[in-house]
Amino acid sequence: MKPAKFDYVSPSTVEAAVEALVASNGEGKVLAGGQSLLPLLNFRMARPTILVDLNGIEGLSYIEDRGDRIAIGALTRHRELEHSPLIASKLPVMSAAMRHVAHLAIRNRGTIGGSLSHADPAAELPMLATFYDAKILVQGPSGRRTIGPEEFFVDALTNCLEPEEIVVEVEFPVLEQDGWAFEEVARRFGDFALASIAVSVLHGPSGLEAAHVAVMGVADTPRRLKEAEQALVAMELDDRTPDRFSEVVVSQVSPNGDLHASADYRRHLLGQLAKRALQTALATKG
Ligand SMILES: Cc1cc2nc3c(=O)[nH]c(=O)nc-3n(C[C@H](O)[C@H](O)[C@H](O)COP(=O)(O)OP(=O)(O)OC[C@H]3O[C@@H](n4cnc5c(N)ncnc54)[C@H](O)[C@@H]3O)c2cc1C
């Protein structure tokens, strides 16, 4: 199918883009990489009266080292994240996850702002924002505000943005960690995940001092599993720790079944991935 008729503007500033969205009375849509929006337009599942193209705005594509945080401009493409040495050294879990995002052609165009805004529950960047507890900076008619992932991801394919608001930057804290892993299973490499988990650990003098755990594909939004993190830190480290961790992770989720996998299969898969991820995270200490 072809999209319904729409107008098109290509502003050169974020302020002008916001003005165009305000003028559209909630009927406008932002265009970034177009990898999720254009299929929706073609199937007429979205019928905006105007597309506000962000690609003509300079200064929205960057990866910036801010010491204990890495700031990423909203128009930064997936492929730039995948190949960035800075991301590899400061945000290694993101670096490992990016090659699982779709296929090369899509990674060449898709953007971090578009991926977060699209809010697919099985997409890597929303999960990474949740894992790292990123700060999502958005700009609207009354200025800028910062939103955390738990507030931003409301439901499957639903974010908390007002219709006139645009994501301009995402800031990721650099985690203190000495072991990490990212595990994912999809029906075919590059498809959306059936289930996935990210784990990082920091060893202390006796056992673990801190842990981060996030999952996707097993709920309507990506989820940080804080109870599993606390349980992991409290565990004695021995051969059975990965099994015990896996049980805690599985007890924290209630996935739905769908066309791609039953709820039971997703839960089982996540348990296996949790075990494998923790084994890797503990083994990569160094
Ligand atoms: C076949 C296929 C397979 C895919 N597989 C995966 C996968 O495995 N993992 C994965 O993570 N993704 C996958 N994707 C999605 C891909 O990563 C997209 O690039 C991404 O979801 C959307 O980014 P985009 O820049 O293309 O956004 P667009 O398509 O341009 O926009 C998506 C939505 O976000 C809004 N938007 C865009 N930018 C902003 C902004 N800065 N502020 C506010 N709203 C904004 C748009 O209005 C639209 O509603 C796949 C896509 C396809 C077509």
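All values below come from the heavy atoms of this structure, side chains included, with hydrogens, waters and symmetry mates left out. Quick caveat: nothing in here was measured; it's all calculated off a predicted structure.
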Task: Pairs touching residues 99-121 that satisfy ring-ring contact (aromatic ring centres under 6.0 Å, His included), sequence neighbours left out - done: His100-Phe182, His100-Phe189

Task: Minimum side-chain heavy-atom gap Ile87-Ile63 below 4.5 Å - done: yes

TODO: Quick one: closest heavy-atom pair of Pro173 and Leu91, and the distance?
DONE: O-CD2, 3.8 Å

Open item on the list: Would the distance check show the side chain of Arg244 and the main-chain N or O of Ala231 forming a donor-acceptor pair, the cut-off being under 3.5 Å?
Closed with: no

TODO: Begin from the C-alpha positions of Arg107 and Arg77 and carry the test side chain to side chain contact (heavy atoms under 4.5 Å, CB included) through to its verdict.
DONE: CA-CA 7 Å; Arg107 293 202 294 276; Arg77 313 280 165 185; over 6 Å; no

Task: Ser84 side chain to Leu81 backbone, donor-acceptor under 3.5 Å - done: no

Just distance, no hydrogens or angles: give the donor-acceptor pairs under 3.5 Å from side chains in residues 8-16, sequence neighbours left out.
from	atom 1	to	atom 2	distance (Å)
Tyr8	OH	Asp53	OD2	2.5
Thr13	OG1	Ala16	N	3.0
Glu15	OE2	Gln139	NE2	3.1

Task: For Glu169, the option from Arg66, Arg69, Lys135, Arg144 that meets salt bridge (charged side-chain N to carboxylate O under 4.0 Å, His left out) - done: Arg66

Task: Side-chain heavy atoms of Arg224 within contact of Val215, under 4.5 Å - done: no

TODO: Please step through side chain to side chain contact (heavy atoms under 4.5 Å, CB included) for the pair Met94 and Glu124, ending with a clear verdict.
DONE: CA-CA 8 Å; Met94 176 184 287; Glu124 285 77 7; over 6 Å; no

Open item on the list: Does any part of the side chain of Val213, heavy atoms only, come nearer than 4.5 Å to the side chain of Phe245, both counted from C-beta?
Closed with: yes

- [ ] Answer yes or no: does atom CD of Glu227 have more than 12 heavy-atom neighbours from other residues, nucleotides or ligands under 6.0 Å?
- [x] no

TODO: State, with a plain yes or no, whether a side-chain heavy atom of Leu137 is found less than 4.5 Å away from one of Glu171.
DONE: no

- [ ] Apply side chain to side chain contact (heavy atoms under 4.5 Å, CB included) to the pair Arg223 and Thr130, showing each step before the final yes or no.
- [x] CA-CA 7 Å; Arg223 287 190 49 208; Thr130 304; 5.6 Å; no

Open item on the list: Give me the atom names and distance for the closest heavy-atom approach of Leu116 to Phe152.
Closed with: O-CE2, 3.3 Å

TODO: Verify, without hydrogens or angle tests, whether Ser89 (side chain) and Leu86 (backbone) share a donor-acceptor contact under 3.5 angstrom.
DONE: yes

Open item on the list: Could you tell me if the side chain of Leu75 sits less than 4.5 Å from the side chain of Tyr62, heavy atoms only?
Closed with: no

Task: Closest contact, heavy atoms only, Ser246 versus Gly271 - done: OG-O, 2.9 Å

Task: Evaluation steps, side chain to side chain contact (heavy atoms under 4.5 Å, CB included), between Leu278 and Val201 - done: CA-CA 9 Å; Leu278 186 62; Val201 294; 4.2 Å; yes

Task: Validation row: Glu151, Ile136 side chains within 4.5 angstrom (heavy atoms) - done: no

Task: Distance-minimising heavy-atom pair for Leu269 and Ala195 - done: CD2-CB, 4.1 Å

TODO: Locate the shortest heavy-atom distance separating Val233 from Ala211; write the atom from each residue and the value.
DONE: CG2-N, 3.9 Å

Open item on the list: I'd like to know if Arg79 pairs up with Glu82 as an ion pair, taking the criterion as any Lys NZ or Arg NE/NH1/NH2 lying under 4.0 Å from an Asp or Glu carboxylate oxygen.
Closed with: yes

Task: Main-chain N/O of Gly114 paired to Ser117 side chain as donor or acceptor, under 3.5 Å - done: no

Open item on the list: Has Asp258 got a side-chain atom pairing as donor or acceptor with Ala261's backbone, closer than 3.5 angstrom?
Closed with: yes

- [ ] Find out whether Met216 and Pro126 are in side-chain contact, i.e. whether some heavy atom of one side chain is under 4.5 Å from a heavy atom of the other.
- [x] no

Task: Atom CZ of Arg187 with >12 non-hydrogen neighbours under 6.0 angstrom - done: no

Open item on the list: Is there a continuous path of hydrophobic side-chain contacts, each under 4.5 Å between heavy atoms, that joins Val52 to Val168?
Closed with: yes

- [ ] State, with a plain yes or no, whether a side-chain heavy atom of Arg109 is found less than 4.5 Å away from one of His78.
- [x] no

Task: Heavy-atom pair with the smallest gap, counting every atom of Glu164 and Val18 - done: O-CG1, 3.8 Å

Open item on the list: Is it the case that the side chain of His212 and the backbone of Val199 share a donor-acceptor pair, with hydrogens and angles ignored and the cut-off at 3.5 Å?
Closed with: no

Open item on the list: Between Ser115 (side chain only) and Ile112 (backbone N and O only), is there a donor and an acceptor less than 3.5 Å apart?
Closed with: no

